[in-house]
Every structure is written in structure tokens, then in C-alpha cells.
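A quick write-up on the structure given underneath.
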Amino acid sequence: MPERINEICYGAEEVFVKTDRFNTSEISFNFYLPLDRERVAEFALLPFILTSCGKNYPDFSRLNFMLSKLYGADLFASSEKIGDYLLLKMGVSTIDDRFALDKESISSMSVDMLVDLIFNPKAENDSFCAEDLAREKRRAIESIKSEMSEKRIYAATRLIEEMFDDDIYSVKKCGTVKQVEAITGESLYSAWEYMLTHAFLRINVVASKEPAGILDVVKENLEKFERKNVTDCSKTTPARRRALVKRVEEKMDVAQGKLVMGFNVTSNQGEDNTVLSVMANLFGGGPYSLLFTNVREKMSLCYYCAASLVKEKGFMTVSSGIEPQNAEKAEKEILNQLSKIGDGDFDDDTFKAVIRGICDSLKTLNDSQSALDTWYANRIFIRQNYSPDEVADKIQSVTREEVSRAARNVALNTVYMLMPKGEK
Amino acid sequence: MKKQLFESPFGAEYTKCVLDNGLTLYVMEKPQFSSSYAMFGTKYGSIDMNFSDREGNRVDIPAGTAHFLEHKLFESEDGDAFSKFSVTGASANAFTSFDRTCYLFSCGDNFYDNYEILLSFVQSPYFTTETINKEQGIIGQEIRMYDDSPGWRVLFNMLHAMYYSHPVKNDIAGTTESIAQITADTLYKCYNAFYNPSNMFVCVCGNVDTNRVIEMTKDLIKAETGYKVERFMPVESEGVKEHLVEEKMSVMLPIFTFGFKQKCDERLKLKSKVCINLLLETLAGDSSPLYARLTKAGLIGESFDFELMSYEGAACIIFEGESEKPEEVRKEILKEIENIRENGIDKRLFSAVKCRFFGEEIRKLDSVEEMCMQFAESNIAGYELFDKISAIKSVSANEVFRYIDLLREDNSVLSVIKPLEE
């Protein structure tokens, strides 16, 4: 896929993925800031408040009405943790102009709107408007509480908290309810200024053509801020190893026990770590993986048992839903399967299936704009801006021995269990 | 074989074939795409619990059988389908809903090899007592997982309070007790009744050649003619069982589903569905006065949504989300319904909503998965895909307004999951 990186100005660049296969165009602004325990809630609220209204779009109902008129232009916002950084994303996806019933210029109107929302917030006297702030704070609190209500997500989040108890990575991506409650119009405005002064900015465009003049407009807007000490995204500290495995068990009114295990892996900063991807996939990726075929299919212990790799932070998790009395058995088998990879005790067909499976999935990424957007936004740490197809080529050359070696370097760090009340 | 080409004014086209054995095949070529997607489905879901077998005997099956069958169909006598897909590198899956069971894969390479695997494993049932026993444990844990999902519980609590006898009220995966009654014989009976070509459809979208797909399908689908399964749906009484249903779970914020039961002797037609969806978006979408009021009052947040559920003999309109005060949300929705009933639909808002719906249909064309889902829906609901766009364009505010009478308080149920008291 032809993709190009254009430098816009100090600390800002554009990745243009030119593609003719879609009926829609997508552009996203990705701001990267170091994780900050004190200010995370403020930063995380920014994408949401900025895309809900603005100086020139003061009313959120009216803004939504305009988005409908623009054929359902999708204005999206998120806040994610990537390594030791917070990624604040704001973007818009629109259908191409050729479909407009009255020949309107849908894409340029949408991109202009997005730029205006980011750079011209609805604020007075260096403070966000109270009504908008109250609305967005409430929404953020709802979303934090909502995640805690879903026990699979809750258990995964608790594992991270426990595993990274002395690491900035334990920070919750949207902060805590208490932190959100404490945000004021002034503190949020200052966070907005901080973002535009210090955040590294990567703009992703996945479209048949670049929005006209976009780079100049962004440059002009950024120049209004004294850009300095822009985030250097290469400094994530790998997960610390433990001499003794940490074990945490919590009781709650749940029907099913949740077992989440956190492991250290050895990853190379700035690299693609394709060997780790293959190892984690063989361990607990698709239905051919060792966890699926053994813990689920052979032993019938669970419905799901899957591994998830966080390369940039150097760890991997395995999560499963189990009957409490099977927890020990499941944990033992999960570790057994890992040591089998370390010993090279897996058949060649499975290994080949893993390589084929990953390469095939990478190829399908090219058919989704949001997947391509995520791909390039998450590659901020990686020195080479390879496309999915290029990474697939690298995956092909991973060997069994490399995978076994990677598995031998995996170490269990923390085990978190959420158990039904009344169980031992 | 009956073959037809359907073209839309904006360049997209697809071929629909009805094979001699009754199977319907949809193919949309996307030559610029790197990937392809295929789905083989049967019009058999969790609500199909009573039917007559091939000998004409009535069969009543336990809740969760369709879903159980879906799990078991991945195993054939010569190994499981996942291991076959692992040779070709595709990503395969399946799902069961109220009215369908679908088997699918997406792939970058080797489409035709994958397609052969898909068509072949779905036509090769192999059920034994041993494999069924093994699956009880796995599905048992899937059921437990849903037991802990407040979003799932709040919906089924509502359906339970809404329906007296229609099987839509049963959990799709059944219960631990109901699936314990499933035997190999149950699965074969269901398979033979519902997995026959005239009750099935295949949807393909991506970097494929239509003619080759048609030829392969003709070769690989077993010949069979004329059999049509007879279903028995219990007669559903009018009205709802209860207007309010509450449960306590380990949640941080109350979760609600507020639904309106519809009188429904048969499936809703396309035009009615389009009208209801346009009405709902005008009534409660994010540019509506109701949404603004609820948001301003702090009664709803990001999770607020609405939906029309429509199946054989059962349809309902639901509003859902999280709120500190679900009862207040209910009141506000009812107030706005009355407001529209008295004052009609805001024409400007309606025209913007139509634009949005039109844009969404164009957007769907960018996803091979979404297109296959759309083909499946059109097949089950009995319309042609591009008719939906024409319906959206042509429908008037006055036509949509008539559907406001479907939203009647006496047919409504509020289901709430409340936090446990400490």
C-alpha cells in the first residue's frame, strides 16, 4: 500500500495512506503525551469535549444535526494508553463527495469542522464552558463505571493495576472517578493548551486524496502555540520482572470465576518484535493455538482462554472464565503449554498455521480504514513505518527456534483471580 | 438456476442466484480489495424450538439447541473445521442469533480453498455422545460468562417480562439445565430439518470471481429439492406480562432496557422497518430534542441507544443505556412520543436523518463483512439489498409519522439492573 510520511512542522507529521478502494475517507489527529498520574483524567477528557462542541459549533445537538446533514459523517474520539504514553485521538470519516445528492463538498466541510473543533474550543476566559464540562465529566464517569460493571474488562484492568503497582503504566486510561470529578473548566483549558504545546502529533489520512491544504492549515494553527519539549515517544520502560509471582484474589457477586495472568516478555524497543507476535499467537491466538486446543477443547475447562500481547510495554496476559474449582487446573495447564513452546514441543503444522494466520489477518487490515488508522497510530514507537504487508513478509521468516527462545524468556509476574462470593 | 444482476446508481452491484435445490447465493465482487468474506447460513435460530421433522412428526427441542449445534458442526468425522482453515490461513467463526445460524470466514489468500472447506463442513454433521458431553462444559462456561454480563441480562429480563410464550424470551445459548437434555439425536433432527438448501443462503463479498463462485457452489452443495421445514410458533397473547422488572447485580450504575412490544403476526416488511428506524432516529437520535433534554438533565450518556428487533412472530422496539434514573428516562421517552403524536415530525430533522441513513448505506459497502451481514438480513427478511436505499430516499415524514402509534405505554416494559446494596 503506498503510504507517505510528510513532516508538517516541529513535532508534527502526517501519514498519508493513499487508497482507491473505499467509498469513504478517514482522517485522524493523534496527539501523544507521556502518562501523567495527576493529569490523566484531564487529558483523556479532551478528545471527547473537543468533538462534542466548539467555539463555532456551540451546541452539541446542532453539531450532531450538521453531521447528519453531512451524510452521517462519523466524528470519533478516544483516549488510549500506548506504552508509557496516552494517545488522544480525534477524527472524522465521511463518504466521498461523488455520492453527495446535491454535489456538496462533504469531505472538505467535515475536515474543516474537525480542525476547527480541535483548535477553537468553546471556552471563555481560559476556561471550558460549565455546561459542556458537566456533561462530558458525567459521560466519562459513566464510561469508567461501565467498564467496572463488565467483569471481563474489570478483571483485566485489575491485573494491570496489580502487575504494574510501582509503574506509571498502572494509571487508568481515563483516570479515576475522583479525578474526573475534580476537573475544572480552567484545569481542562490548561490541559488543552498543554496538549497543543507539548504533544507529538501524527495525522493519519486514509483516502484516495489528501484534503486540500490540510498540512498548511494544521501548521498555521500549531504555530499559534509555543511548541517546545514535544513528547519523545521512544521512552517506554519495560515491565519490571518479579522474583516471586504476585497473587491477588478478589471476591464478588459473580457467576463465573475470572483468571487473568500477567507475564513479562523480552521485547526490543523500536522494533516490530515479530517473533513475540508469533509466540503469543501460537500460545493463545486463534483456534489453532495451544490454549484453545488444550485448555478449551481437550479439557473443556472454559469457553475462552486467550493470550494478548502488549509489545511496547513488554508483557503478555492470558485471560479465561472458569469454574472456581478449576482455577488451579487451568493455571497449571496454561503454564504447561507455555513451557511446551519453550521446549519446542509443538507440531510443525500448528507453527505453519500460526504464521499463515497472522499473515492473512495482516493482509485483511488493508480493507479497513479504521484498522489502518490504528495501525499507523500505534506504530509511533517503531522506527520503521512498515505497512501491514511488509510486516507480514517479516513474519514469514520467523523460525521455530526463535519462538522457543522467546517463550523461555517469558516469566509469570502476577496472577489475578476474581471469584464468586462463598467460594474458597 | 435463476440468476440476476442487481445494480445501484452509485456503482455497486451484486449477483443473486437461486440454485435448483433452493439455496440462495449472493456475490459482490470487490476487485480492489485484498480480502474476501464468505458466510453460509441457515434460517434456524434460538426461536425455532418447535417444528415437524421429515417424517411429519412434531419435534420440541430444548432452549439453546441451535447454538449447541453451531458449536458441534465444526467437528466432522475427518477432523475439525478449524484445523482445516488453519492450513489455508483463514480466520473462521460462527454465530447463532434468534433467527439464524451463520458460519463464516475472512481471508486474504486462498479464497477458493477456504470456500470449499466452509461449504463442506457445514454439510458434514457428525455428532456423538462423547463430543456432545465435551461441549457441555465449554458451553456451560459460555452461559456463565453471559450470566455475568449486565447488558445481556437486562435485555433477556425485558424479553421475559414482555413475552408470555414466544421463544424469543429464551437465552440464545439456553441454560445449563436445558443443554443437558441435548443428545446426538436432537442435533440430527434439527440438522435434517433446517440445514437443507432451500432454508439456507450463502453470501460472498471481496476479491472473487462471481462465475467461479457460482460454479463451485453448484458443485459443492448437495442436491436436494423441495423440502420445506414446517415451524410451529406458539400463539403469543396480546399485552405484556409485567411492566417493570428489576434485578440486582454487581454493577456500578443502573442499566436499563425500555421496550415496546409490537403486535406481529408475521415478519415486518422492509418499508415498515425503514420507517420505524427513521422514526426512532428522529425521536431519540443524537440530534433530536429528546436526546438533548436527556443529556442536559444528566439522565443518559454515551451508552444510550435504540433498536428495532424483528423476528417471526415477535417484534419490539427498545431503548437502552445506563442511567442513575431509568424511570425518569422512561418518562421522558413517553413524553416525547406524545409530543410527536400531537405535533408531528420535525421535517428539517427528518430530512437530516434521511441523509445520515443514506450515508450509512454507502459506508456499509466498504466492509466485506458488513455486506455479507446485509445480504443475510435481506434474504431472511425477504427484500433486495438496494431496495433499502430506494426506500430510504422515497419515504416521507408523513408515512413515518404513522408508526408513532406502535409506541404505546400499555405495551411497554422497563427492565433495570440495579447495583447491589453494600
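As the structure is a prediction and not an experimental result, all values here were calculated from the model. Here is how names work: the chains are called A, B, and so on, in the same order as the sequence lines, proteins then strands, and each is numbered from 1.
If you measure heavy-atom distances from A/Lys69 to chain B, the contacts under 4.5 Å come from both the backbone and the side chain. Interface remark: B/Glu324 contributes side-chain atoms only to the contact with chain A (heavy atom separation under 4.5 Å). Using a 4.5 Å cut-off between heavy atoms, A/Thr364 touches chain B through backbone and side chain atoms alike. Proximity to chain B involves both the backbone and the side chain of A/Glu297, based on heavy atoms less than 4.5 angstrom apart. For chain B, no part of A/Asp59 is nearby; none of its heavy atoms comes within less than 4.5 Å. Heavy atoms of A/Glu323 lying under 4.5 Å from chain B belong to its backbone as well as its side chain. With a 4.5 angstrom heavy-atom cutoff, A/Tyr304 touches chain B only via side-chain atoms. At a 4.5 Å heavy-atom cutoff, the contact between A/Thr24 and chain B is made by backbone and side-chain atoms alike. Heavy atoms closer than 4.5 Å to chain B are found in both the backbone and the side chain of A/Ser93. With a 4.5 angstrom heavy-atom cutoff, A/Arg98 does not touch chain B via any of its atoms. Within the 4.5 angstrom heavy-atom criterion, atoms from both the backbone and the side chain of B/Phe10 approach chain A. The part of B/Ile300 that comes within reach of chain A is its backbone (N, CA, C, O), which places non-hydrogen atoms under 4.5 angstrom from that chain.
For the set B/Ser367, B/Pro419, B/Ser303, the count of heavy-atom pairs under 4.5 angstrom toward chain A peaks at B/Ser303. Between chain A and the residues B/Ile143, B/Leu253, B/Val368, B/Asp148, the largest count of heavy-atom pairs under 4.5 Å involves B/Asp148.
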